Protein chains: 2
Amino acid sequence: MRGESLKGHLDLLVLAVLADGPLHGYAIIEALRERSGQAFDLPEGTVYPVLHRLERAGRLASDWDASTGRRRRTYRLTGPGRGVLEVERAAWNEFVTAVGRVVQGPAWNPI
Amino acid sequence: MRGESLKGHLDLLVLAVLADGPLHGYAIIEALRERSGQAFDLPEGTVYPVLHRLERAGRLASDWDASTGRRRRTYRLTGPGRGVLEVERAAWNEFVTAVGRVVQGPAWNPI
DNA sequence: CCCTCATACCTAGTATTTCTAGGTATGAGA
DNA sequence: TCTCATACCTAGAAATACTAGGTATGAGGG
């Protein structure tokens, strides 16, 4: 699946995978792939800029892990980031409901 | 709700409302608002360019309705457009499933 | 030892899509 | 007559993901 459908929702996905514990960038890409059942195989050029943006916005914080020779930057959710995650989760649910109503047609009646 | 979350999905919504019969542009905007339960209140500057794009792509066709003094351009789904709608409906369902898996967390198990 | 591949990070520029902010014009109702 | 809803349109701005590059380490095979 092309991540283009993701426009506007990738922040939610990144925050969601980090809600279960810190991960470094590359591991976030793998987590998105695995947790989505291979649906989201996002290029690094998509994910790294998102992480930088989320960190600038104060939703993530990062530390360089120098324990191995290979440099790794580990991201974690901040307090505000966790709040934003909950807001975005709720917004996602509303969005899905709204699209569903339109797509199912006017005859469709969820109860 | 801001239509920004729609990025990449608005085509599906427009095709879906036209699946139940032709409508002119302004009525499409109203149909999206009503069928979504007021969630999508899209500016004309968003919808008209989409209609033009979908027509250029052969998914919609339009006729000018000169019956009233007020000019109206009525859009209808073409054969290929109906096929695209089905493809996009399926893609939407996969997308929702994939996002759901990521957002619910790894412990979540749908059966 | 060398070569390749997976890991791990990054950025600049491009493409696409929606929104903002205007513009024009008709018809209905106060 | 004046205002508002209807009804169409476009140009440029903003946001966001992708492409296509770049650098460097570590593991494993030949």
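Protein chains get the first letters and strands the later ones, always in sequence-line order, with residue 1 at the start of each. Keep in mind that this is a model prediction, so the values were computed, not measured.
Contacts of A:Gly25 with the nucleic acid, taken as non-hydrogen atoms under 4.0 Å apart, involve only primed sugar atoms and P, OP1 or OP2.
Rounded to a whole Å, the CD atom of A:Glu55 is 13 Å from the P atom of C:dC9. Taking atom CH2 of residue B:Trp64 and atom P of nucleotide D:dA7, one finds them 12 Å apart after rounding to whole Å. Between the NE2 atom of B:His9 and the P atom of C:dT17 there is a distance of 11 Å, given to the nearest Å. The distance from atom CG of B:Leu54 to atom C1' of C:dT16 is 14 Å, rounded to the nearest whole Å. One interatomic measurement links the two molecules: CG of B:Leu42 to P of D:dA7, which rounds to 17 Å at whole-angstrom precision. If you measure from atom CZ of A:Arg53 to atom P of D:dA17, you get 6 Å, rounded to the nearest angstrom. Atom CD in B:Glu44 sits roughly 13 Å away from atom P in D:dT10 (whole-Å rounding). Atom-to-atom, CG of A:Leu32 to P of C:dA8 comes out at 15 Å; the value is rounded to the nearest Å.
Between B:Glu88 and B:Trp92 there is no side-chain heavy-atom pair separated by less than 4.5 Å. B:Val99 places none of its side-chain heavy atoms less than 4.5 Å from the side chain of A:Val96. Annotation: side chain of A:Arg35 is in contact with side chain of A:Asp20 (closest heavy-atom distance under 4.5 Å).
Position along DNA chain D of the nearest nucleotide to A:Thr46 versus B:Ala27 favours B:Ala27 as the more 5'-ward residue. Both A:Arg70 and A:Leu51 lie near DNA chain C, and the one whose nearest nucleotide falls closer to the 5' end is A:Arg70.
The A:Val50 side chain lies nearest to D:dA17 when the options are D:dA17, C:dC10, D:dT6. Set against C:dC19, C:dC10, D:dT6, the side chain of A:Arg73 has C:dC10 as its closest nucleotide.
OP1 or OP2 of C:dT24 has not a single side-chain nitrogen or oxygen of B:Arg71 nearer than 4.0 Å. Look at A:His52 and you'll find a side-chain N or O under 4.0 angstrom from OP1 or OP2 of C:dT11. Residue B:Tyr48 has no polar side-chain atom (N or O) positioned under 4.0 Å from OP1 or OP2 of D:dC9. A sub-4.0 Å separation between OP1 or OP2 of D:dT6 and a side-chain N or O of B:His24 is absent.
Applying the 3.5 Å distance criterion, the base of C:dT16 shares no donor-acceptor pair with the side chain of B:Lys7.
In this structure, B:His9 and A:His9 have tilted ring planes: the angle between them lies in the 30° to 60° band.
Minimum interatomic distance between A:Leu13 and B:Val103 (heavy atoms only, all atoms of both residues): CD2-CG2, 3.8 Å.
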